[in-house]
S.K.: 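This is the structure I have questions about; it appears just below.
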Amino acid sequence: MKLYVNKNRKKWWLLSSVVLISGLVALLISWATIGAPLRPSLDFVGGTRLQFELDCSQPNNCDKPINIGEVRQIVEAQGLPSSSSIQLVGSDRNGFSIRTKYLGVDERTKLQSALEQKVGKFDPKKTSIETVGPTLGRQLFASGLIALLVSFAGITVYLSFRFQFDYAVFALVALLHDVWLTCGVFAILGLVLGVEVDSLFIVALLTIIGFSVNDTVVIYDRIREIIVKDGDRPIANIVDDGVDQTLTRSINTTMTTLLTLFAIFLFGGESLKYFALALIVGFTTGAYSSIFIASTLLAWWREKTGRGIPAAATSGKKISPTPNSEEV
């Protein structure tokens with residue numbers, strides 16, 4: 001059965017608009033509440049994160065639940081800021097994490113001793129401490145943004161030469177769609193579950209961009225091939241054929257990749273969990289945007305501008321232009 005993407009393109013655009021606006025609202029709420037569109041980890045803002053879990057092998061050590069209010073009183077009594085983040089962790093909620101300002105070794109040791117006296121004995125095997133200086137955090141954030149901007153610029157230049165400028169523009173729109181949606185999902189997760197984004201999130205966004213543009217290039221390449229062979233047709237029909245002929249490939253590639261990512265998400269450990277989730281969200285929306293956004297926008301633009309569809313300049317084959325055909 002053929003998928004006529006242009007027949008219902010306004011529905012695809014409306015669906016994307018609703019999802020993107022929801023993400024924008026979440027980003028704005030996050031900005032208003034925590035001062036950033038996404039909840040940043042230590043990688044970007046610097047500081048110290050301490051995570052402790054009670055040693056349940058000790059008699060009566062895990063009989064009562066951890067009181068977050070009591071933990072906060074101890075933290076503030078040590079002179080740490082009241083804005084320090086404290087959350088329960090662990091499958092049985094027998095642990096907690098503290099994210100606060102940068103702490104030296106003596107300060108960390110003193111805090112841990114005070115907590116153990118009031119809360120209970122901690123399991124040393126499940127104790128973790130992460131420290132990042134504020135200067136390094138800012139450098140990581142700036143480097144991540146530069147990497148994203150350079151990737152967008154490079155893709156635009158490449159597609160402009162490989163195809164034409166309007167192809168590049170709509171491929172870029174699709175990429176922005178994917179990045180925006182992924183950020184929106186993590187803004188919601190940050191508000192609801194306190195999920196933070198770290199340097200791996202930047203890596204995930206760059207990977208999503210590469211995956212999405214590859215899918216878009218495959219569809220655009222097939223559209224150009226059809227134009228060369230049978231260009232004397234409405235552009236919407238040509239785009240529909242191009243999408244239809246690459247649909248199986250797009251679905252198979254996305255599904256096999258998602259199977260691996262779900263395995264990492266479920267069994268890959270805490271450090272890779274949200275990295276895998278970002279890729280799952282981004283790869284899914286990347287396949288969607290390549291099929292339903294980048295291709296339909298190209299057809300709409302060509303119809304709106306009345307531009308033609310002759311053979312590709314690199315093909316060496318010439319097609320007499322129709323009233324709506326001037327270039328590939």
Side-chain angles (χ1 to χ4, degrees), residues 26 29-30 32-36 38-134 137 185-201 262-278:
I29 292 175
S30 179
T33 54
I34 64 176
L38 297 169
R39 187 179 293 273
S41 72
L42 295 184
D43 286 4
F44 297 137
V45 297
T48 298
R49 180 193 284 115
L50 307 99
Q51 182 167 312
F52 305 107
E53 288 195 39
L54 295 174
D55 186 355
C56 293
S57 64
Q58 300 286 330
N60 305 321
N61 202 39
C62 298
D63 289 349
K64 60 180 182 179
I66 293 175
N67 187 330
I68 288 292
E70 185 179 39
V71 174
R72 184 169 293 281
Q73 289 178 357
I74 299 169
V75 168
E76 293 180 3
Q78 296 296 312
L80 301 184
S82 58
S83 59
S84 300
S85 172
I86 304 174
Q87 293 179 316
L88 290 174
V89 298
S91 56
D92 297 324
R93 316 296 278 180
N94 287 326
F96 58 91
S97 68
I98 303 171
R99 197 182 83 171
T100 185
K101 67 176 185 177
Y102 178 83
L103 300 178
V105 177
D106 292 340
E107 292 174 302
R108 298 198 301 264
T109 303
K110 186 178 179 181
L111 174 61
Q112 183 173 347
S113 299
L115 289 168
E116 284 192 317
Q117 290 177 6
K118 294 289 186 180
V119 179
K121 184 68 176 176
F122 298 137
D123 186 345
K125 295 180 180 179
K126 297 182 179 179
T127 297
S128 65
I129 299 174
E130 300 175 65
T131 299
V132 177
V185 169
F186 272 77
I188 294 172
L189 292 175
L191 292 171
V192 176
L193 301 177
V195 174
E196 299 175 345
V197 297
D198 54 15
S199 55
L200 279 179
F201 185 73
F262 273 112
I264 296 173
F265 177 74
L266 295 173
F267 310 111
E270 197 66 27
S271 60
L272 293 176
K273 181 177 181 180
Y274 291 109
F275 171 69
L277 180 60

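Counting from 1, the numbers follow the sequence of the chain as shown.
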S.K.: From Q87 CD over to S97 OG, what is the distance, rounded to the nearest 0.5 angstrom?
M.R.: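 Reported value, rounded in 0.5 Å steps: 5.0 Å.
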S.K.: Locate the shortest heavy-atom distance separating V197 from F186; write the atom from each residue and the value.
M.R.: CG1-CD2, 4.0 Å
S.K.: Minimum heavy-atom separation for S30 and A36, please, with both atom names.
M.R.: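 Heavy-atom minimum between the residues: OG-O, 2.8 Å.
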S.K.: Just how far is it from atom CG of D55 to atom CD of E116, taken to the nearest 0.5 Å?
M.R.: 9.5 Å
S.K.: Just how far is it from atom OG1 of T100 to atom CD1 of I86, taken to the nearest 0.5 Å?
M.R.: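 Between T100 OG1 and I86 CD1, I get 8.5 Å after rounding to 0.5 Å.
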S.K.: Looking at every non-hydrogen atom in both residues, tell me the closest pair between I264 and A276 and how far apart they are.
M.R.: CG2-CB, 3.8 Å
S.K.: Can you tell me how far apart OH (Y274) and CG (D198) are? Round to the nearest 0.5 Å.
M.R.: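 Interatomic distance, Y274 OH to D198 CG, rounded to 0.5 Å: 11.5 Å.
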S.K.: I34 and R39: which non-hydrogen atoms are nearest, and at how many Å?
M.R.: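 Residues I34 and R39, closest heavy atoms: CD1-CA, 3.6 Å.
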S.K.: Answer yes or no: is there a side-chain heavy-atom contact under 4.5 Å between V119 and F52?
M.R.: no
S.K.: Which side-chain N or O atoms in residues 106-115 pair as donor and acceptor under 3.5 Å with protein atoms at least two apart or in another chain?
M.R.:
from, atom 1, to, atom 2, distance (Å)
E107, OE1, G104, N, 2.8
R108, NH1, L103, O, 3.0
T109, OG1, V105, O, 2.9
S113, OG, T109, O, 3.0

S.K.: Using a 4.5 Å cut-off on heavy atoms from C-beta on, say whether the side chain of R99 contacts that of E196.
M.R.: yes
S.K.: Answer yes or no: is there a side-chain heavy-atom contact under 4.5 Å between L80 and K101?
M.R.: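 Yes, close enough: below the 4.5 Å cut-off.
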S.K.: Do L54 and F122 have side-chain heavy atoms sitting under 4.5 Å apart?
M.R.: yes
S.K.: Any idea which heavy atoms bring I66 and F96 closest together, and the distance?
M.R.: CD1-CD2, 3.7 Å
S.K.: Just verifying a value: how many Å separate K126 NZ and C56 SG, rounded to the nearest 0.5 Å?
M.R.: 7.0 Å
S.K.: Output the distance between atom CD (E53) and atom OG1 (T127), rounded to the nearest 0.5 Å.
M.R.: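 Interatomic distance, E53 CD to T127 OG1, rounded to 0.5 Å: 8.5 Å.
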S.K.: Find out whether L277 and L189 are in side-chain contact, i.e. whether some heavy atom of one side chain is under 4.5 Å from a heavy atom of the other.
M.R.: yes
